[in-house]
Amino acid sequence: MFNQLGVIGCGLMGGSFALALKKAGLVKHVVGYSKSPSTTERARRLGVIDTIAESALLAVSGSDIVLIAVPVAASEATFKAICHMVEPGMLVMDVGSTKCDVVLAAKRALRNRLGSFVPAHPIAGKESAGVQHADAALYQGRQVILTPLPQTNAALLQKATDVWSAIGAQVLKMSPENHDAAFAAVSHLPHLLAFAYFSAIAQQPAGADFLSLAGPGFRDFTRIAASDPAIWRDILVANREEVLKQAKFFRAVLHDFEQLVQDGDGPALEKLINQASDTRSQWHMSTPPKSPPR
């Protein structure tokens, strides 16, 4: 049980965490801060938070658990704003989709208070952002990746593991570097491809006509192209080295497919499709890796 949760960024992710802790009886009081006063006011009206903080620093004051749910590009400024209030024994976590950049920002800003920080990435979300879409069940059955540092307090790492587990998440641990390499492949590049693919159709003279004929498969394939532009701008820039590495692998395989189509080589094309189809049919999203990706 925590006495007070401080939420910095009262949107979908931060709001859902607050609601989940409240529903599980894990926190007595929730204080929230967002850059936009209208967001924190809405969060208070919806019962997501109990008290509005006028600053990030005041959201941390008196809290024994803090969740930073801001765009990854705002991480360092947030750490700097709160560092003087981070006390020993206070659990501080983020929800950023990239970890190496967030960890570097924490090292620069938190310094001797770095032991309180447990970097986290919940693999959860919705197409619609905003605190009005916050959901206490958002993290149930979802993976949460923790990327602890050598300086991370072991007791706080255990607390982080326990709190995510208590709200229904499955906790995995890996290094920040392994995390960013893995999620460039399974999340960041797919978003980049979805943005580019949808734009490629929409920008054609007959693009609107093409889109009017699209069915459920197209809808499912392009769903993530509707994701928040500012958030994904920051993610793609922050993890650009790993994203571009994955893009290089993708281009090589795409070239192989294009060449077979160009050659009209049906048997070879079917073989490649079969390989992808068989691998995809054997893959189960809910099964975590036996060991962290390297």
Side-chain angles (χ1 to χ4, degrees), residues 1-10 13-14 17-18 21 26-35 49 51 53-122 144-166 169 171-181 183 234-235 237-239 241 292:
M1 166 70 79
F2 296 96
N3 287 317
Q4 181 173 297
L5 165 66
V7 179
I8 302 173
C10 300
M13 304 296 282
F17 187 76
L21 263 61
L26 295 173
V27 67
K28 295 178 181 178
H29 191 77
V30 179
V31 177
Y33 168 77
S34 286
K35 188 176 180 180
I49 65 173
T51 303
E54 298 300 321
S55 67
L57 186 65
L58 291 176
V60 172
S61 178
S63 296
D64 46 352
I65 178 172
V66 174
L67 189 76
I68 299 172
V70 301
V72 291
S75 297
E76 185 161 4
T78 303
F79 290 133
K80 286 180 178 177
I82 70 171
C83 64
H84 299 301
M85 281 291 183
V86 175
E87 302 288 346
M90 177 188 292
L91 172 58
V92 180
M93 298 185 290
D94 75 317
V95 295
S97 295
T98 55
K99 293 273 74 83
C100 287
D101 60 316
V102 173
V103 164
L104 184 60
K107 287 179 177 178
R108 287 194 294 251
L110 295 180
R111 298 185 181 180
N112 62 335
R113 294 173 171 86
L114 187 62
S116 290
F117 180 51
V118 180
H121 176 202
V144 173
I145 313 298
L146 303 182
T147 63
L149 310 174
Q151 300 92 330
T152 300
N153 181 292
L156 292 178
L157 175 59
Q158 187 59 54
K159 274 190 179 182
T161 302
D162 292 343
V163 72
W164 285 111
S165 297
V171 179
L172 300 175
K173 299 179 182 71
M174 62 178 68
S175 72
E177 294 78 12
N178 287 345
H179 170 281
D180 285 1
F183 283 91
D234 291 348
I235 290 170
V237 170
N239 202 25
E241 288 187 13

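When reading the values below, keep in mind they use all heavy atoms of this one structure, side chains included, and skip hydrogens, waters and symmetry mates. Because the structure is predicted, anything quoted here is derived from the model rather than measured.
- Interatomic distance, S175 OG to L149 CG, rounded to the nearest 0.5 Å: 10.0 Å.
- Taking both residues in full, the closest heavy atoms of A18 and V7 are given as CB-CG2, 4.2 Å, listed atom of the first, atom of the second, then distance.
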(message) Under the criterion side chain to side chain contact (heavy atoms under 4.5 Å, CB included), I'd like the reasoning laid out for V171 against L146: C-alpha separation, chi angles, the key distance, then a yes or no.
(response) CA-CA 7 Å; V171 179; L146 303 182; 3.6 Å; yes

Under 3.5 Å, side-chain donor or acceptor atoms of residues 67-77 against the rest of the protein: list the pairs with distances, not counting sequence neighbours.
residue, atom, partner, partner atom, Å
S75, OG, V72, O, 2.9
E76, OE1, R108, NE, 3.2
E76, OE1, R108, NH2, 2.6
E76, OE2, R108, NE, 2.9

(message) What verdict does the side chain to side chain contact (heavy atoms under 4.5 Å, CB included) test give for H84 and V86, after you've listed the backbone C-alpha separation in whole Å, the side-chain angles of each residue and the deciding distance to 0.1 Å?
(response) CA-CA 6 Å; H84 299 301; V86 175; over 6 Å; no

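- Distance NE2/H121 to CG/L172: 12.0 Å, rounded to 0.5 Å.
- Proximity of V102 to P119: side-chain heavy atoms (C-beta onward) are nowhere separated by under 4.5 Å.
- In terms of the side-chain contact (heavy atoms from CB on, under 4.5 Å) criterion, E241 has no residue partners (sequence neighbours excluded).
- Residues passing the side-chain contact (heavy atoms from CB on, under 4.5 Å) test with C100, sequence neighbours excluded: P176, E177, D180.
- Note that CG of L58 and CD1 of I8 are 10.0 Å apart. Values are rounded to the nearest 0.5 Å.
- Shown here for V118 and A160, the closest heavy-atom pair between the two residues is CG1-CB, 3.9 Å.
- Residue pairs meeting the salt bridge (charged side-chain N to carboxylate O under 4.0 Å, His left out) criterion with at least one member in residues 90-106, sequence neighbours excluded, are D94-K99.
- Among residues at least two apart or in separate chains, side chain to side chain donor-acceptor pair (under 3.5 Å) pairs with a member in residues 57-72 are Q4-S63.
- Atom CG of L5 sits about 10.0 Å away from atom CG of L91, to the nearest 0.5 Å.
- The ring pair (Phe, Tyr, Trp, His ring centres under 6.0 Å) pairs that include a residue from residues 99-118 are F79-F117, where partners are two or more places apart or lie in different chains.
- Residues A53 and V31 share a closest heavy-atom pair of CB-CG1, 3.6 Å.
- Contact of the M90 side chain with the V92 side chain is registered, since non-hydrogen atoms from C-beta on lie closer than 4.5 Å.
- Between C10 and I49 the shortest side-chain heavy-atom distance falls below 4.5 Å.
- Judged as a side-chain hydrogen bond (donor to acceptor under 3.5 Å, both in side chains), and not counting sequence neighbours, the contacts of T51 are H29.
- Judged as a side-chain contact (heavy atoms from CB on, under 4.5 Å), and not counting sequence neighbours, K35 has no contacts.
- The heavy-atom pair separating V144 from A169 by the smallest distance is CG2-CB, 3.5 Å.
- Among residues at least two apart or in separate chains, side chain to side chain donor-acceptor pair (under 3.5 Å) pairs with a member in residues 155-164 are Q158-D162, T161-K173.
- Taken from OH in Y33 to CG in L57, the straight-line distance is 11.0 Å, to the nearest 0.5 Å.
- The CG atom of L110 sits 6.5 Å away from the SG atom of C83 when rounded to the nearest 0.5 Å.
- Annotation: side chain of I65 is in contact with side chain of F17 (closest heavy-atom distance under 4.5 Å).
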